S.K.: 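Let me begin by handing over the structure; questions about it come next.
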Number of protein chains: 2
Amino acid sequence: MTGNTPPAATAFRRGNGRTDRPPYDLDAVLEIAVATFNERGYEATSISVLAERLGTSKSALYYHVSGKEELLQRALDRALGELESVLEAAGALDAGAADRLESVLRGAVRVLVAELPFVTLLLRVRGNTDVERDAVRRRREFDHRVSQLVHAAQAEGSLRADLDAGTTSRLLFGMINSIVEWYRPGGALDDEALADATVSVALDGLRAR
Amino acid sequence: MTGNTPPAATAFRRGNGRTDRPPYDLDAVLEIAVATFNERGYEATSISVLAERLGTSKSALYYHVSGKEELLQRALDRALGELESVLEAAGALDAGAADRLESVLRGAVRVLVAELPFVTLLLRVRGNTDVERDAVRRRREFDHRVSQLVHAAQAEGSLRADLDAGTTSRLLFGMINSIVEWYRPGGALDDEALADATVSVALDGLRAR
DNA sequence: GTCTATATACCGATAGAC
DNA sequence: GTCTATCGGTATATAGAC
């Protein structure tokens with residue numbers, strides 16, 4: 001279980017560069033980098049092992065990216081962008097707050113599954129550097145807007161109001177976000193069933209009726 | 001927001017050792033070490049900064065502990081021990097599965113709050129070293145036993161059975177565990193109110209009735 | 001664009017004086 | 001028990017040949 005992933009022949013092509021372009025694919029690099037960050041932790045991942053996994057050398061990697069932090073930046077931006085567009089789409093709906101909230105919940109589960117490694121990385125960021133702090137700031141902004149939606153749904157009468165909106169939305173997204181810890185696509189539970197199960201547990205609870 | 005915590009005058013007393021014993025307090029060391037691990041990440045925390053925060057030197061710290069990993073080991077053991085004793089206490093109850101499960105949920109929230117930094121650290125461990133792998137193994141064992149309890153409660157008819165026990169308990173503990181990300185004791189919501197709110201959302205859901 | 005070699009800094013850990 | 005000094009190793013990042 002040492003986790004030796006084979007090098008990714010698709011991201012870089014070594015040699016004299018006589019093969020067809022492109023000799024390097026940023027998306028593929030990012031994918032492998034993010035997978036490595038998630039396995040070993042961002043801080044614990046060195047440029048050397050990253051280059052090794054990418055099937056290239058440290059210097060070659062530095063030629064293409066400014067460093068580890070640029071990879072982190074791009075990865076976090078991708079995850080945040082997708083999540084923010086879920087909020088935006090829900091905001092454009094001509095529906096009550098409860099329906100808009102449910103659409104955000106389902107959308108978040110879908111993004112989480114579709115962008116699993118990227119969102120996983122996002123959820124582990126603590127704010128040690130400027131890049132991380134900016135990601136934390138955008139996450140907080142997202143949480144804030146969800147909380148406003150919960151508040152509106154409570155005012156509407158469709159969500160129970162004995163808990164404050166902040167606590168409610170934190171518990172809600174705590175449950176949703178935890179999905180990255182165990183869900184792997186391709187298992188018995190498919191993406192839509194997962195979204196159904198999650199939203200149903202959140203709204204109706206676990207007690208038998 | 002660089003987060004410069006002042007050195008802990010209580011864990012070590014510098015100088016010629018002419019003060020009253022003990023000149024060093026393992027629990028205090030552990031507390032500060034764990035707080036630092038949680039702030040900056042375990043891997044990203046060096047022995048040097050640890051010693052600095054403890055108000056002592058690298059060598060002095062090494063005199064008392066074998067290294068960073070011993071501190072991690074002790075911290076994880078504390079968190080796991082508390083969680084396991086919650087399961088044990090619930091198992092000894094003369095009650096149905098649903099009541100035993102509810103007691104585990106409440107107990108877990110209480111431990112989580114009482115041992116907040118230790119449980120936080122536990123939940124972030126990924127299994128990179130032997131110490132971490134052993135902690136992950138114990139966590140999985142805990143999850144497995146919770147899942148069995150959920151299964152029993154479903155068989156009893158007190159929990160909805162349209163979701164499998166594994167998914168249910170993962171969502172359940174996903175919500176509970178996420179509390180470490182935002183709850184800080186001493187706020188408007190006290191520990192028991194938090195436990196009530198969490199268990200109530202889990203069992204009854206958020207929809208207004 | 002990729003290579004080897006290297007600069008500079010910090011890491012965990014230890015030796016030996018006091 | 002704590003200190004200074006230092007070991008060997010690895011980190012990020014760059015210079016310069018090809």
Side-chain angles (χ1 to χ4, degrees), chain A residues 2 7-26 28-29 32-33 36-37 39-75 128-132, chain B residues 2 4 7-29 32-33 36-37 39-75 128-132:
Chain A
T2 330
T10 47
F12 277 83
R13 317 227 171 113
R14 307 191 85 157
N16 53 11
R18 206 131 324 177
T19 51
D20 287 1
R21 271 162 302 107
Y24 133 99
D25 174 350
L26 183 57
V29 168
I32 290 161
T36 312
F37 292 158
E39 273 173 50
R40 313 161 61 133
Y42 173 70
E43 301 274 1
T45 302
S46 71
I47 293 277
S48 312
V49 314
L50 224 47
E52 206 174 301
R53 284 209 179 184
L54 285 163
T56 186
S57 70
K58 221 166 43 156
S59 326
L61 183 53
Y62 267 113
Y63 180 80
H64 292 285
V65 299
S66 66
K68 250 199 329 184
E69 199 150 35
E70 182 188 327
L71 294 168
L72 180 66
Q73 166 88 273
R74 288 178 185 275
N128 284 331
T129 64
D130 285 337
V131 167
E132 295 189 20
Chain B
T2 331
N4 264 353
T10 46
F12 277 82
R13 319 232 169 107
R14 305 190 87 158
N16 53 11
R18 209 137 316 185
T19 51
D20 288 0
R21 268 162 302 108
Y24 132 99
D25 175 349
L26 183 56
D27 278 344
V29 169
I32 290 161
T36 313
F37 292 159
E39 273 173 49
R40 314 162 59 133
Y42 173 70
E43 302 273 3
T45 302
S46 72
I47 294 278
S48 312
V49 314
L50 223 48
E52 206 174 302
R53 283 209 181 185
L54 284 162
T56 186
S57 69
K58 216 165 46 153
S59 327
L61 183 53
Y62 268 112
Y63 180 80
H64 292 285
V65 299
S66 66
K68 248 197 334 184
E69 198 151 35
E70 182 188 329
L71 295 169
L72 181 66
Q73 166 89 272
R74 287 179 186 275
N128 285 332
T129 65
D130 285 336
V131 167
E132 295 189 21

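Quick caveat: nothing in here was measured; it's all calculated off a predicted structure. Naming convention: chains lettered A, B, ... in sequence-line order (proteins, then strands); numbering from 1 in each chain.
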S.K.: Under the salt bridge (Lys or Arg N to Asp or Glu O under 4.0 Å) rule, collect the residues that match up with E70(A), sequence neighbours excluded.
M.R.: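 E70(A) satisfies salt bridge (Lys or Arg N to Asp or Glu O under 4.0 Å) with R74(A) only.
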S.K.: So, using side-chain contact (heavy atoms from CB on, under 4.5 Å) as the criterion, who are the partners of S59(B) when residues are at least two apart?
M.R.: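 For S59(B), the residues satisfying side-chain contact (heavy atoms from CB on, under 4.5 Å) (neighbours in sequence not counted) are S57(B).
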S.K.: Across nucleotides 4-18 of chain D, 5' to 3', mark each nucleotide with B, S or - according to how protein heavy atoms within less than 4.0 Å reach it.
M.R.: BB-----SBBB----
S.K.: Rounded to whole Å, how long is the line connecting atom NE2 of H64(A) with atom C1' of dT2(C)?
M.R.: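 Roughly 8 Å, once rounded to whole Å.
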S.K.: May I have the distance from L54(B) (atom CG) to dT2(D) (atom P), rounded to whole angstrom?
M.R.: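 In whole Å, dT2(D) P and L54(B) CG are 12 Å from each other.
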S.K.: Check side-chain contact (heavy atoms from CB on, under 4.5 Å) between D27(B) and all other residues, then give those that pass, not counting sequence neighbours.
M.R.: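 side-chain contact (heavy atoms from CB on, under 4.5 Å) check on D27(B) returns D25(B).
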S.K.: What pairs with Y63(B) under side-chain contact (heavy atoms from CB on, under 4.5 Å), at least two apart in sequence or on another chain?
M.R.: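 Y63(B) satisfies side-chain contact (heavy atoms from CB on, under 4.5 Å) with no residue once adjacent residues are dropped.
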S.K.: Residues in side chain to side chain donor-acceptor pair (under 3.5 Å) with T129(B), at least two apart?
M.R.: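 Once residues adjacent in sequence are excluded, the partners of T129(B) under the side chain to side chain donor-acceptor pair (under 3.5 Å) criterion are E69(B).
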